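Chain A is the first sequence line, chain B the second, and so forth, proteins listed ahead of strands; every chain is numbered from 1. Remember, it's a predicted structure, so these values are computed and weren't measured experimentally.
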2 protein chains.
Amino acid sequence: MPPIKVKMLETEGGKGGAKAAPSKRPRAQTRIQREKQEVILEAALDVFSREGFRGATIDQIAEAAGMSKPNLLYYFPRKEEIYQRLLAEMLDIWLAPLREIDSVGDPVPELRSYLRRKLEMSRDYPRQSRLFANEMLQGAPRVLDMLETDLKALVDDKAKVIEGWMDAGKIVRTDPYHLIFSIWATTQHYADFDVQVRAVLGKDRGGEGRFEDAARFLENLFLHGLLPK
Amino acid sequence: MPPIKVKMLETEGGKGGAKAAPSKRPRAQTRIQREKQEVILEAALDVFSREGFRGATIDQIAEAAGMSKPNLLYYFPRKEEIYQRLLAEMLDIWLAPLREIDSVGDPVPELRSYLRRKLEMSRDYPRQSRLFANEMLQGAPRVLDMLETDLKALVDDKAKVIEGWMDAGKIVRTDPYHLIFSIWATTQHYADFDVQVRAVLGKDRGGEGRFEDAARFLENLFLHGLLPK
DNA sequence: TAACGTTTTTTCCAACTGGTCAAATTTCTG
DNA sequence: CAGAAATTTGACCAGTTGGAAAAAACGTTA
């Protein structure tokens, strides 16, 4: 499956955005270019994931990246471009766990591992999750196309896998789409609503252990539900 | 329980914000005042829930409300005030279902009804849900206090109720906090990630029926899980 | 070290932002 | 209807925003 593309306004070749150098052909990236771009993307992820696209300013990002605004604009000539890069990067890693769900595997280890992976992403990449959540809240203006095509196709495919498990009597017959939604929702909640989770758990239980508690709970919930057998 | 208060910068009496009229005592609200404030709050909910506090502009809100910016500022002299009003209003209705969980009731109807109510709120008040989600993504700067006090107290209380059900052997022993989180997550998902849900379900299944499907699915998930008995 | 490409800084700009103010207009009340 | 109060408008302002331009500083290599 090809990497997911976000609607780009103008792609302008892979040159990375340095606007000087109208030389014949695009030079290879400098060490400084690679490093600074990395620093900028890191800082931008911080700001965009908190404030959303409109709420974030280049000044904030530049300050977080420890450079001046024009200097930042030397590496990424548009605010939009930084955002798109982060979004595309994000979608790719974010959907990897779903792609890995295997049609030949057994449902219990497959679902368990999917849950675990998704939860680990919430723990290890919370800002990416919030960036995506922000985009969703805004109505997904930049990714709606790909949701309706790539994502839908992927989910359709995995829903079939799940239906296969049902046919084989390995799991209860239920709606595979809403099953996937509920896995997304429960796991991403620990990234997107992290403040709330920690506030409610309080000082004592709000440490990193919360992810293990969540993993244990979710596994039980999805496999057995709440009613005693 | 008293209605939840959001940290106000300066409350300036309940006078509603009309800045003229330095008469002796605050007059009662005009019909026009009530109506226009309603229109403004409605429009502001639209904009804030999409763009977040920083991303939203008074101009956008004014246009959505069909009035000029200075006219809007006549009713709500600060952008911040509109936002706080919406947030406080929201928290109140949003937590009502949780408050209603009854300690004497049986877990099955209680949880079922809680799920249903929360899902109905996502269906009927999606913008409020997104407003709240936006605030969370930003780190809850305006409601963190109340999350750590009021909300935590409420959840602590309901967690005890749930533990009582476990002690009575009526539901499986599990973590009540993560149970509540998972109910929040799964139900609010249908408001906050509505675009995604509809995109994935596609034209045919994306109609209003999705809420009934979700209700059915969630009820089964929470009660029985996925494994056949 | 001279020349050249790369990186950074300084200065600047037009559009937008939240908000003010006084004047004009509309609505209410006696 | 007259007067007062409430509402709306238009002009304005200072600060912020995304971004452009050019010059200065830096690094590399012949």
Side-chain angles (χ1 to χ4, degrees), chain A residues 9-10 12 15-40 43-44 47-48 50-86, chain B residues 9-10 12 15-40 43-44 47-48 50-86:
Chain A
L9 299 182
E10 51 173 310
E12 203 249 317
K15 226 203 112 251
K19 64 183 167 185
S23 48
K24 286 86 191 166
R25 58 187 58 260
R27 291 246 176 142
Q29 280 200 338
T30 318
R31 169 186 54 86
I32 295 183
Q33 270 173 27
R34 272 193 309 274
E35 286 174 6
K36 295 273 163 120
Q37 285 187 21
E38 205 37 57
V39 172
I40 291 170
V47 180
F48 280 132
R50 232 184 312 118
E51 310 280 359
F53 180 74
R54 282 228 51 198
T57 74
I58 300 184
D59 277 305
Q60 282 177 85
I61 300 171
E63 177 167 2
M67 64 182 75
S68 68
K69 180 170 62 168
N71 196 184
L72 183 151
L73 284 167
Y74 170 71
Y75 292 101
F76 291 93
R78 320 254 137 216
K79 181 187 176 185
E80 184 79 32
E81 243 174 72
I82 311 177
Y83 187 76
Q84 305 261 17
R85 266 281 287 271
L86 288 172
Chain B
L9 299 182
E10 52 174 310
E12 200 249 315
K15 227 203 108 247
K19 64 184 167 185
S23 48
K24 285 87 191 167
R25 58 187 58 260
R27 295 242 176 143
Q29 281 201 338
T30 318
R31 170 188 54 90
I32 294 184
Q33 270 172 31
R34 272 192 309 276
E35 287 174 5
K36 294 275 164 120
Q37 285 186 21
E38 205 36 59
V39 172
I40 291 170
V47 180
F48 280 132
R50 231 183 316 117
E51 310 280 359
F53 181 74
R54 283 225 52 199
T57 74
I58 300 184
D59 276 305
Q60 281 175 86
I61 300 172
E63 175 165 4
M67 64 183 73
S68 68
K69 179 169 61 167
N71 196 184
L72 182 151
L73 286 167
Y74 170 73
Y75 293 102
F76 291 92
R78 320 255 137 215
K79 180 186 176 185
E80 184 80 33
E81 245 174 71
I82 311 177
Y83 187 75
Q84 306 261 17
R85 266 281 287 271
L86 289 173

Check: Sub-3.5 Å donor-acceptor pair from the side chain of B:Lys79 to the main-chain atoms of B:Phe53, do we have one?
Finding: yes
Contact check, side chains of [X] and [Y], non-hydrogen atoms, under 4.5 Å:
X       : Y       : result
A:Tyr75 : A:Ile82 : no
A:Arg85 : A:Phe76 : yes
A:Arg54 : B:Thr57 : yes

Notebook entry, point to check: Heavy atoms under 4.0 Å, any strand shown: does A:Thr57 hit a base, just sugar-phosphate, or nothing?
Noted result: sugar-phosphate
Next item on the list: Using a 4.0 Å heavy-atom cut-off across all strands, classify B:Ala56 as base, sugar-phosphate, or nothing.
Entry: sugar-phosphate
Look at the side chain of [X] and decide which nucleotide, out of [options], has an atom nearest to it.
X       : options               : result
B:Lys69 : D:dT8, C:dG18, C:dT9  : C:dG18
B:Pro70 : C:dC21, C:dT7, D:dT8  : C:dC21
A:Asp59 : C:dT8, C:dT17, D:dT17 : D:dT17
A:Asn71 : D:dT9, C:dT8, D:dT7   : C:dT8
B:Arg78 : D:dT17, D:dT8, C:dT20 : C:dT20
B:Ile58 : C:dT17, D:dT7, C:dG18 : C:dG18

Report yes if at least one side-chain N or O of [X] is closer than 4.0 Å to OP1 or OP2 of [N]; otherwise report no.
X       : N      : result
A:Arg54 : C:dT17 : yes
A:Lys36 : C:dT8  : yes
B:Gln33 : D:dA6  : no
B:Tyr74 : D:dT8  : no
A:Tyr75 : C:dT8  : yes
B:Ser68 : D:dT8  : no

Notebook entry, point to check: Are A:Glu80 and A:Gln84 close enough, and set up right, to give a side-chain hydrogen bond (donor to acceptor under 3.5 Å, both in side chains), and what steps lead you there?
Noted result: CA-CA 6 Å; A:Glu80 184 79 32; A:Gln84 305 261 17; 3.0 Å; yes
